[in-house]
Colleague: 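Would you mind keeping the following structure in view while I ask a few things?
The sequence lines fix the lettering, A, B, ..., with proteins before strands; numbering per chain opens at 1.
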Amino acid sequence: MITPTDAIALQEQLRSQVITTDMLPHPIRTIAGTDVEYDKDTNLIAGAVVVLDYETLSVLAVASHCMEVSFPYIPGLFSFREMPPLLEAYRQLSITPDLIICDGQGLAHQRRFGLACHFGVTLNVPVIGCGKTRLCGEYHDLGESRGSIAPLIAEDDQALIGNALRTQNSINPVFVSVGHKVSLGTATDIVLKMATQYRLPETTRLADHYARLALLDYKSAPNTPPASI
DNA sequence: GCGACAG
DNA sequence: ATCTTGTCGC
C-alpha cells in the first residue's frame with residue numbers, strides 16, 4: 001500500500017486540479033451523500049453512497065461496499081482510508097448523481113486537499129465537503145440562528161478555506177468547504193437546504209444509515225451482497 | 001516540548 | 001469511528 005509520505009506527495013500533486021467554481025447542472029435534480037462506518041472489533045469498514053431527489057429528498061439509489069481497512073487513520077490523510085470503499089460503492093450506483101456531499105473536509109485541510117477534493121478530482125464530479133468537526137482553520141462570531149455563517153480562515157496563510165454553518169438554531173455548526181467543481185457559496189447554500197430537520201444534511205444521515213446496514217449485513221452473511229435499490 | 005488533530 | 005442512558009439546561 002501507499003506510504004504516508006507518498007500519500008502527502010500525491011496530495012501536493014493533485015491539489016492543483018481542484019476546481020473551485022460552479023460546474024454543476026442547472027437545475028440540480030439529484031444529489032448523493034457518502035459515509036463510512038467502522039466496525040468496533042474487526043478491520044472491516046463499509047462505505048455507502050445514497051442518491052436522493054434534490055427537491056423531495058426521496059431515495060433514488062443506494063450502493064455500498066464492505067472491505068478491510070488498508071490505511072491507518074492519520075489526520076490529513078483521511079481520504080486514503082475512506083476512498084477505497086466509497087469508490088467501489090460509487091461504481092455500483094445505478095444512477096449518476098449531479099453532485100455529492102462527502103462527510104469530511106474539502107479545501108479546509110492542511111494541504112487544501114481533503115476527502116471531498118480527492119473524491120471529486122478522482123471521479124471528476126462536483127463534490128461538497130461537509131465535516132462535523134473542524135480539522136484546521138479558525139472562525140469567529142458565528143450567529144446562533146439557522147443559516148448563520150462564519151468564514152473559516154486558514155491559520156497559515158489566512159486563506160478562506162470554508163464556512164462554519166449553523167444548520168439549526170443553537171446547534172453546533174458543520175464545516176462546509178469546496179471539494180470540486182462547486183463554489184463555497186453554492187456549497188454552503190446546498191448543505192443548508194439539505195439539513196432540513198437535523199444538524200447534518202439528509203444526504204449524510206442516510207449514507208450513515210446505509211453504511212451501518214451494509215456492515216451488519218456483511219458480518220451476518222459475508223458472501224451475500226447487501227441490499228440495494 | 002506541548003497541544004491539536006476530518007473519521 | 002467506537003464505548004453509551006439518562007439527564008442537565010435552554
Colleague: For A:Thr186 and A:Asp189, does a side-chain donor sit closer than 3.5 Å to a side-chain acceptor?
Modeller: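 Distance-only check fails for A:Thr186 and A:Asp189.
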Colleague: Can you see if the side chain of A:Arg212 gets near the phosphate of C:dT2 - specifically, an N or O under 4.0 Å from OP1 or OP2?
Modeller: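 A:Arg212 to C:dT2 OP1/OP2: side-chain N or O found under 4.0 Å.
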Colleague: I want to check one thing: is the phosphate of B:dA6, taken as OP1 and OP2, less than 4.0 Å away from some side-chain N or O of A:Ser79?
Modeller: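 Checking B:dA6 against A:Ser79, no side-chain N or O comes under 4.0 Å of OP1 or OP2.
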Colleague: Using the ring-ring contact (aromatic ring centres under 6.0 Å, His included) rule, collect all pairs that involve residues 151-189 of chain A, keeping only residues at least two apart or in two chains.
Modeller: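 For residues 151-189 of chain A, and leaving out neighbouring residues, the ring-ring contact (aromatic ring centres under 6.0 Å, His included) pairs sorted by first residue read A:Tyr139-A:Phe175.
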Colleague: Could you state the CD1-P distance from A:Ile161 to B:dA6, rounded to the nearest angstrom?
Modeller: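 Taking atom P of B:dA6 as the reference, CD1 of A:Ile161 is at 13 Å.
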Colleague: May I ask you to verify if any side-chain N or O of A:Arg134 is less than 4.0 angstrom from the OP1 or OP2 atom of B:dC5?
Modeller: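 Affirmative; the distance criterion is met.
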Colleague: Establish, from distance only, whether the side-chain atoms of A:Asn172 and A:Lys132 form a donor-acceptor pair under 3.5 Å.
Modeller: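 There is no such pair between these side chains.
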Colleague: Figure out the NE2/P separation between A:His109 and B:dA6, and round it to whole Å.
Modeller: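 Going from A:His109 (NE2) to B:dA6 (P), I get 11 Å.
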Colleague: Please report the distance, rounded to the nearest Å, between CD in A:Glu155 and P in B:dG3.
Modeller: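 Going from CD in A:Glu155 over to P in B:dG3 covers 18 Å.
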Colleague: Using a 3.5 Å limit for the pairing distances, which stems of at least 3 consecutive Watson-Crick or G-U wobble pairs does DNA chain C take part in?
Modeller: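 Listed by first number, the stems come to none.
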Colleague: Is a side-chain donor-acceptor pair under 3.5 Å present for A:Asp22 with A:Ser183?
Modeller: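 A:Asp22 and A:Ser183 do have a side-chain donor-acceptor pair below 3.5 Å.
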Colleague: Could you state the CG-P distance from A:Leu135 to B:dA6, rounded to the nearest angstrom?
Modeller: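 In whole Å, B:dA6 P and A:Leu135 CG are 6 Å from each other.
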Colleague: So, A:Glu82 versus A:Tyr73: side-chain donor-acceptor pair below 3.5 Å or not?
Modeller: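 No, A:Tyr73 and A:Glu82 have no side-chain donor paired with an acceptor closer than 3.5 Å.
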Colleague: Quiz question: by atom type and distance under 3.5 Å, do the side chains of A:Ser145 and A:Asn169 form a donor-acceptor pair?
Modeller: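 No pair is found: no donor N or O on one side chain lies under 3.5 Å from an acceptor on the other.
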Colleague: Using a heavy-atom cut-off of under 4.0 Å over every strand shown, decide if A:Leu86 touches base, sugar-phosphate, or nothing.
Modeller: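 It contacts nothing in the nucleic acid.
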Colleague: Under 4.0 Å from any atom of DNA chain C, heavy atoms only: list the residues of residues 35-45 of chain A that qualify, in numerical order.
Modeller: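 Listed by number, they are A:Glu37, A:Tyr38, A:Lys40.
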Colleague: Could you tell me the separation between the NE2 atom of A:His209 and the P atom of C:dA1, rounded to a whole number of Å?
Modeller: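 For the pair A:His209 NE2 and C:dA1 P, the rounded distance is 17 Å.
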Colleague: Would you say the side-chain atoms of A:Gln11 and A:Arg111 include a donor-acceptor pair closer than 3.5 Å?
Modeller: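 Note: A:Gln11 and A:Arg111 side chains meet the donor-acceptor criterion.
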Colleague: For B:dA6, does OP1 or OP2 lie under 4.0 Å from any side-chain N or O of A:Lys132?
Modeller: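 So the side-chain polar atoms of A:Lys132 never come under 4.0 Å of the phosphate oxygens OP1 or OP2 of B:dA6.
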Colleague: In whole angstrom, give the distance that lies between atom CD1 of A:Ile101 and atom P of B:dG7.
Modeller: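 Spelled out: CD1 on A:Ile101 to P on B:dG7 is 15 Å.
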Colleague: Establish, yes or no, whether a centroid distance under 6.0 Å links the rings of A:His118 and A:Phe80.
Modeller: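 Centroid separation for A:His118 and A:Phe80: below 6.0 Å.
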Colleague: Can you measure A:Arg81 atom CZ to B:dA6 atom C1' for me and round it to whole angstrom units?
Modeller: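 Taking atom C1' of B:dA6 as the reference, CZ of A:Arg81 is at 12 Å.
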Colleague: Which part of the nucleic acid does A:Gly129 contact within heavy-atom distance under 4.0 Å: base, sugar-phosphate only, or nothing?
Modeller: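 If one applies the 4.0 Å heavy-atom cut-off, A:Gly129 turns out to touch nothing in the nucleic acid.
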Colleague: With no hydrogens and no angle check, just 3.5 Å: does a side-chain donor-acceptor pair link A:Ser58 and A:Thr56?
Modeller: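 Checked: A:Ser58/A:Thr56 side chains pair up, N/O donor to acceptor below 3.5 Å.
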Colleague: What is the distance, rounded to the nearest whole Å, between atom CG of A:Asp208 and atom P of B:dA6?
Modeller: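 Rounded to whole Å, this separation is 17 Å.
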